[in-house]
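Since the structure comes first, as structure tokens, the remarks are kept for the end.
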Amino acid sequence: MRLKILDSGHGFGTKVLFALIRAASRQRVLDVIKLVKYRPDFYGTPMSEVTQEAMRGASPWSVGDRELMAAFIAKINRCEFCTKAHSAVADLAYGNRTKAPAALSDLESSGIDEPLRATLVMLGKLTKEHVLDADDVRAVIAAGASFQQIEDALAVSFSFNIIGRLADSFGFSVPPPRAFDAGAKYLLARGYR
Amino acid sequence: MSNIEQARRALLRRVLEGEGNASLPDRRAAFDNSGFAEPLSQLVAKVAGNAPGITDEDIDRVRQSGLSEDQIFEIVVCAAIGQASRQYDIAKAALEAARRN
């Protein structure tokens, strides 16, 4: 991490928590956890409320779909940490290890449902080009998504266009796959709070 | 259906209006990606437009300009939230325009 405070500036209670996490998971504490636990009143706590609602609030999208959206946005933003982290959660939520990787590798040939494919295309344009117009939205509606699904997808986009930028700005280290698997189990069971 | 509006507004109020180590004008400037001189202007622009391109040197230059790590933390957070907010507002406007027609 590029800021020492994010690595080691936490209070005593949080350092004890990190020691427990290391003991229970036998993995290093992920940098994203160090970020949200540093002065959590400023960023971590209010941001977690947003992300919990976007990713686990009631929605026509499944948890797996929303985790795939998060991974897809991260890939467009070239954030390796977030792409791997949320691809692992999508795998777990979907119950297979092929659907999310296929969509991330080649969306058009992945065979995912048309409403989700069109929604990912829209999120990709918004994330890469920072623009979107009514015709882009109508294309997603024509593909079978509802207005509510689009609104919920934009909530995912808001969260992960923040988190990915912070991961890259602060220089999150990218751990081995087993660490992401452990993190995915936690996020699926406990959510983002 | 999921609704992030209340939580999103609370997040914006906290980082832009609440207590912090960076001044309120600096946090707002970071959010808006405007109004800074070098080296902070380059760091904030990269957070908004090219976060994977940020280097240790970008952070070091800002640190050497006199900002504390807590100030850098807050400014980077505000810059990231600002860019995501601009995208979100554009997308919500497109959604509402499509709903009307």
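Chain A is the first sequence line, chain B the second, and so forth, proteins listed ahead of strands; every chain is numbered from 1.
In terms of heavy-atom pairs under 4.5 angstrom with chain B, the leader among A:R56, A:K4, A:E80, A:E49 is A:K4. Counting heavy-atom pairs under 4.5 Å between each of B:V47, B:D60, B:L43 and chain A puts B:V47 at the top. Of all the listed residues (B:G20, B:A93, B:S85), the one sharing the greatest number of non-hydrogen pairs under 4.5 Å with chain A is B:S85. Contact count against chain A (heavy-atom pairs under 4.5 Å) is highest for B:P52 among B:A97, B:A7, B:A80, B:P52. Residue with the most contacts toward chain B among A:L35, A:I162, A:D133, A:L166: A:I162 (heavy-atom pairs, distance under 4.5 Å). Counting heavy-atom pairs under 4.5 Å between each of A:Y43, A:F147, A:W61 and chain B puts A:F147 at the top.
To the nearest 0.5 Å, atoms CD1 (B:I72) and CD1 (A:I5) are separated by 8.0 Å. The CD1 atom of B:I59 sits 5.5 Å away from the CG atom of A:L3 when rounded to the nearest 0.5 Å. If you take CG on B:L95 and CD on A:Q148, they are separated by 9.0 Å, rounding to the nearest 0.5 Å. The CD atom of A:Q52 lies 13.0 Å from the CD1 atom of B:I4; values are rounded to the nearest 0.5 Å.
In A:R28, the CZ atom is not crowded: 12 or fewer heavy atoms of neighbouring residues, nucleotides or ligands sit closer than 6.0 Å. Within a 6.0 Å sphere centred on NZ of B:K46, heavy atoms belonging to other residues, nucleotides or ligands number more than 12. For A:K15, the NZ atom counts as densely surrounded, since its 6.0 Å shell holds more than 12 non-hydrogen atoms of other residues, nucleotides or ligands. In the displayed structure, A:R178 atom CZ is contacted under 6.0 Å by at most 12 heavy atoms of other residues, nucleotides or ligands. Heavy atoms of other residues, nucleotides or ligands lying less than 6.0 angstrom from CD of B:E19 number 12 at most. For B:Q6, the CD atom counts as loosely surrounded, since its 6.0 Å shell holds 12 or fewer non-hydrogen atoms of other residues, nucleotides or ligands.
With a 4.5 angstrom heavy-atom cutoff, A:F160 does not touch chain B via any of its atoms. In this structure, chain B has a heavy atom under 4.5 Å from the backbone of A:V131, while its side chain stays farther away. Neither the backbone nor the side chain of B:R100 comes within less than 4.5 Å of any heavy atom in chain A. Looking at A:D41, the atoms closer than 4.5 Å to chain B (heavy atoms on both sides) sit in the backbone and in the side chain alike. For B:L11, the parts sitting under 4.5 Å from any heavy atom of chain A are the backbone and the side chain alike. Heavy atoms closer than 4.5 Å to chain A are found nowhere in B:R9, neither backbone nor side chain. When heavy atoms are compared at a cutoff of 4.5 Å, B:F73 approaches chain A by way of both its backbone and its side chain.
Both the sub-6.0 Å distance and the 45° axial angle are not jointly satisfied by B:R14 relative to the ring of A:F42.
When all heavy atoms of A:L126 and B:A91 are compared, the pair lying nearest together is CD2-CB, 3.7 Å. Residues B:A51 and A:D168 approach most closely at O-CB, 3.5 Å, considering heavy atoms.
Using modelled atom types, no side-chain atom of B:Q87 and backbone atom of A:F158 make a donor-acceptor pair closer than 3.5 Å.
Taking 4.5 Å as the limit, every side-chain heavy atom of B:V76 sits out of range of all side-chain heavy atoms of A:R165. In this structure the side chain of A:H130 reaches within 4.5 angstrom of the side chain of B:Q83, judged on heavy atoms.
Side-chain contact annotation: A:R78 with B:N50, donor-acceptor N/O pair under 3.5 Å present.
Residues B:E74 and A:R39 are paired through a salt bridge, judged by an N-O separation under 4.0 Å between the basic side chain and the carboxylate. A:E151 has a carboxylate O that lies under 4.0 Å from a charged side-chain N of B:K92, or vice versa, which qualifies the two as a salt bridge.
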(message) Pair B:E57, A:R2 - check salt bridge (Lys or Arg N to Asp or Glu O under 4.0 Å), show working.
(response) CA-CA 10 Å; B:E57 289 70 30; A:R2 295 189 170 115; over 6 Å; no
